[in-house]
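Notes to accompany the following structure.
For the numbers below, each heavy atom of this structure counts, side chains included, while hydrogens, waters and symmetry mates do not.
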Amino acid sequence: MDYLQAIILAIIEGITEYLPVSSTGHMIIASSFFGIASEDFTKLFTIVIQLGTILSVVVLYFKRFFQSIDFYYKLLVAFIPAVVLGLLLSDVIDSLLENPVTVAISLVIGGFILLKVDDWFGDAEETHISYATAFKIGLFQCLAMIPGVSRSGASIVGGMSQKLSRTAAAEFSFFLAVPTMLGATLKKSYDYYEAGLTLTGEQINLLIIGNVIGFLVALLAIRTFIGYLSRNGFKAFGYYRIIVGIALLLIHYFVQPLTVV
């Protein structure tokens with residue numbers, strides 16, 4: 001991975017992490033295009049730069065993180081399903097991450113769901129999140145273990161299915177990203193060093209640059225997304241996912257097979 005590739009991947013991560021379009025899917029597609037997707041450092045990089053996007057949520061919603069201890073209990077309840085399933089299905093998840101076709105199919109299916117989600121749940125106005133609601137949102141988030149599903153999209157739809165407003169569901173999805181992505185970063189880093197791998201000075205610089213850029217881009221993306229979502233809903237994201245997913249499938253089956261190289 002060179003510096004230009006790191007910058008591009010970080011921009012993609014910052015834009016897509018909190019949008020319902022699947023940051024993991026976009027990172028797999030981009031890194032495959034660069035020919036670096038199978039590199040151990042690339043896999044580490046795409047996870048660790050999420051720390052920057054985590055920080056963007058903490059900065060934007062700083063006061064919310066100090067509102068009550070109950071807030072953290074609910075995040076913990078929502079986080080538990082991802083911990084359990086992530087540990088149980090680790091090998092399966094890793095194999096799916098190497099299949100761009102899985103990403104393409106997930107993008108299309110998720111796109112059709114987003115086209116209908118406003119019709120299904122768009123009139124909800126609830127803002128209070130109970131422990132039961134938090135746990136159910138956590139279950140929905142687990143769907144994002146399938147590349148291309150979108151962690152934010154799954155958890156937002158999960159919140160709206162529990163009668164939360166679009167904004168309340170989106171904001172809780174942002175908050176839930178903090179423990180989820182922090183946990184994923186710690187696990188990936190542990191696995192990296194357990195495999196006997198170490199970081200060079202240049203790789204450390206790439207991680208620093210990636211986190212800084214991811215942080216700055218995510219700040220803008222979150223603000224823009226919340227404003228757009230409250231006014232317009234999910235349909236544009238649904239159409240985008242369908243177009244990208246179909247384009248990838250057409251490329252794979254009629255132009256050149258998509259592989260993680």
> Are any non-hydrogen side-chain atoms of Tyr3 and Asn205 less than 4.5 angstrom apart?
Replying inline: yes

> How about Thr133 and Gln162: does a side-chain donor come under 3.5 Å of a side-chain acceptor?
Replying inline: no

> Closest heavy-atom contact between Leu114 and Phe234?
Replying inline: O-CB, 3.6 Å

> Quick one: does Ile54's side chain get under 4.5 Å of Leu51's, heavy atoms only?
Replying inline: yes

> Do Leu55 and Phe66 share a hydrophobic cluster (ILVMFWY, side-chain heavy atoms under 4.5 Å, transitive)?
Replying inline: yes

> Taking side chain as C-beta onward, heavy atoms only, is Trp120 less than 4.5 Å from Ser161?
Replying inline: no

> If every non-hydrogen atom of Asp119 is compared with every non-hydrogen atom of Leu115, which pair is closest and at what distance?
Replying inline: OD2-O, 4.1 Å

>> Minimum heavy-atom separation for Met160 and Asp118, please, with both atom names.
In response: CE-OD1, 4.3 Å

>> Has Ser173 got a side-chain atom pairing as donor or acceptor with Ala169's backbone, closer than 3.5 angstrom?
In response: no

> Would Thr24 and Thr16 satisfy side chain to side chain contact (heavy atoms under 4.5 Å, CB included), going step by step from the backbone distance to the final call?
Replying inline: CA-CA 9 Å; Thr24 300; Thr16 60; over 6 Å; no

>> Under a 3.5 Å distance rule, please check whether Arg166 uses its side chain to pair with a backbone N or O of Leu229 as donor and acceptor.
In response: yes

> Are Ile209 and Ile47 joined in one hydrophobic group, where the rule is that I, L, V, M, F, W and Y side chains link up if heavy atoms are under 4.5 Å apart?
Replying inline: no

>> Can a side-chain donor-acceptor contact be found between Gln141 and Thr180 if the only test is distance below 3.5 angstrom?
In response: yes

>> Could you check whether atom CZ of Phe112 has more than 12 heavy atoms from other residues, nucleotides or ligands sitting under 6.0 Å from it?
In response: no

>> Counting C-beta onward and ignoring hydrogens, is there a side-chain heavy-atom pair between Leu199 and Leu207 closer than 4.5 Å?
In response: yes

>> Which residue in the set Ile8, Ile49, Ile11, Ile208 passes side-chain contact (heavy atoms from CB on, under 4.5 Å) when paired with Ile213?
In response: Ile11

> How far does OG1 of Thr102 sit from CD1 of Ile28, to the nearest 0.5 angstrom?
Replying inline: 8.5 Å

> Could you go step by step and tell me if Leu197 and Leu44 meet the side chain to side chain contact (heavy atoms under 4.5 Å, CB included) rule?
Replying inline: CA-CA 11 Å; Leu197 301 170; Leu44 178 70; over 6 Å; no

> How about Ile105 and Leu248: do any of their side-chain heavy atoms sit closer than 4.5 Å?
Replying inline: no

>> Assess the residue pair Phe140 and Phe135 against the criterion (ring pair (Phe, Tyr, Trp, His ring centres under 6.0 Å)); give the C-alpha distance rounded to whole Å, side-chain angles, the decisive distance to 0.1 Å, and a yes or no.
In response: CA-CA 9 Å; Phe140 270 86; Phe135 182 73; over 10 Å; no

> In this structure, which one of Val103, Leu107, Val21 forms a side-chain contact (heavy atoms from CB on, under 4.5 Å) with Val244?
Replying inline: Leu107

>> Is there a side-chain contact between Asn211 and Phe45 in this structure, where contact means two heavy atoms from C-beta onward sitting under 4.5 Å apart?
In response: no

> Counting heavy atoms not belonging to Tyr131, are there more than 12 under 6.0 Å from its OH?
Replying inline: yes

>> Would His26 and Phe33 count as a ring pair (Phe, Tyr, Trp, His ring centres under 6.0 Å) here? Give the steps.
In response: CA-CA 11 Å; His26 282 73; Phe33 176 80; over 10 Å; no

>> Can you confirm whether more than 12 heavy atoms, excluding those of Phe65, are under 6.0 Å from its CZ atom?
In response: yes

> Transitively linked via ILVMFWY side-chain contacts under 4.5 Å: Leu216 with Val59?
Replying inline: yes

> Given the rule in the side chain to side chain contact (heavy atoms under 4.5 Å, CB included) test, do Val108 and Arg241 qualify, once you have shown the distances and angles that lead to the verdict?
Replying inline: CA-CA 6 Å; Val108 173; Arg241 290 176 62 104; over 6 Å; no

>> Does Glu171 form a salt bridge (charged side-chain N to carboxylate O under 4.0 Å, His left out) with Arg64? I'd like the steps, not just the answer.
In response: CA-CA 10 Å; Glu171 289 182 345; Arg64 299 282 290 276; 3.3 Å; yes

> So, for Ser23 and Glu17, which heavy atoms are closest and what is the spacing to 0.1 Å?
Replying inline: OG-OE1, 3.0 Å

>> Between Ser152 and Leu19 (side chain of the first, backbone of the second, donor and acceptor by atom type, cut-off under 3.5 Å), is there such a pair?
In response: yes

> Can a donor-acceptor pair be found between the side chains of Ser56 and Thr53 at a distance below 3.5 Å?
Replying inline: no

> Rounded to the nearest 0.5 Å, what separation is found between the CD atom of Glu39 and the CE atom of Met1?
Replying inline: 7.0 Å

> Below 4.5 Å, heavy atoms only, C-beta onward: do Phe172 and Phe71 meet side chain to side chain?
Replying inline: no

>> Under 4.5 Å between side-chain heavy atoms, counting indirect links through other Ile/Leu/Val/Met/Phe/Trp/Tyr residues: same cluster for Leu220 and Ile12 or not?
In response: no

>> Looking only at the aromatic ring of each residue, does the gap between the centers of Phe79 and Tyr72 stay below 6.0 angstrom?
In response: no

> Which pair of heavy atoms, one from Arg231 and one from Gly227, lies closest together, and at what distance?
Replying inline: NH1-O, 3.1 Å

> Going through the distances and angles, do Thr46 and Phe41 end up as a side chain to side chain contact (heavy atoms under 4.5 Å, CB included)?
Replying inline: CA-CA 9 Å; Thr46 57; Phe41 177 71; over 6 Å; no

> Under a single-linkage definition using a 4.5 Å side-chain heavy-atom cutoff for Ile, Leu, Val, Met, Phe, Trp and Tyr, are Leu182 and Tyr190 assigned to the same hydrophobic cluster?
Replying inline: no

> For Phe121, is the NZ or CZ atom of Lys163 found under 6.0 angstrom from the centre of its six-membered ring and inside 45 degrees of the ring axis?
Replying inline: no

>> Is the shortest side-chain heavy-atom distance between Lys74 and Asp70 below 4.5 Å?
In response: yes

> Do the rings of Phe174 and Tyr61 sit parallel, tilted or perpendicular, given the 30° and 60° boundaries?
Replying inline: tilted

> Short question: side chain of Ser31, backbone of Ile36 - any donor-acceptor pair under 3.5 Å?
Replying inline: no

>> Just verifying a value: how many Å separate Ser155 OG and Leu139 CG, rounded to the nearest 0.5 Å?
In response: 12.0 Å

> How about Ser22 and Ser150: does a side-chain donor come under 3.5 Å of a side-chain acceptor?
Replying inline: no

> Is any side-chain N of the basic residue among Lys43 and Asp40 closer than 4.0 Å to the acidic one's carboxylate O?
Replying inline: no

>> Is there a salt bridge (charged side-chain N to carboxylate O under 4.0 Å, His left out) between Lys188 and Asp191? Walk through the geometry before answering.
In response: CA-CA 5 Å; Lys188 192 65 178 181; Asp191 291 343; 5.8 Å; no

> So does Glu125 have more than 12 non-hydrogen atoms from other groups sitting under 6.0 Å from CD?
Replying inline: no

> Can you name the nearest heavy-atom pair linking Tyr192 to Thr198, along with the distance?
Replying inline: OH-O, 3.7 Å

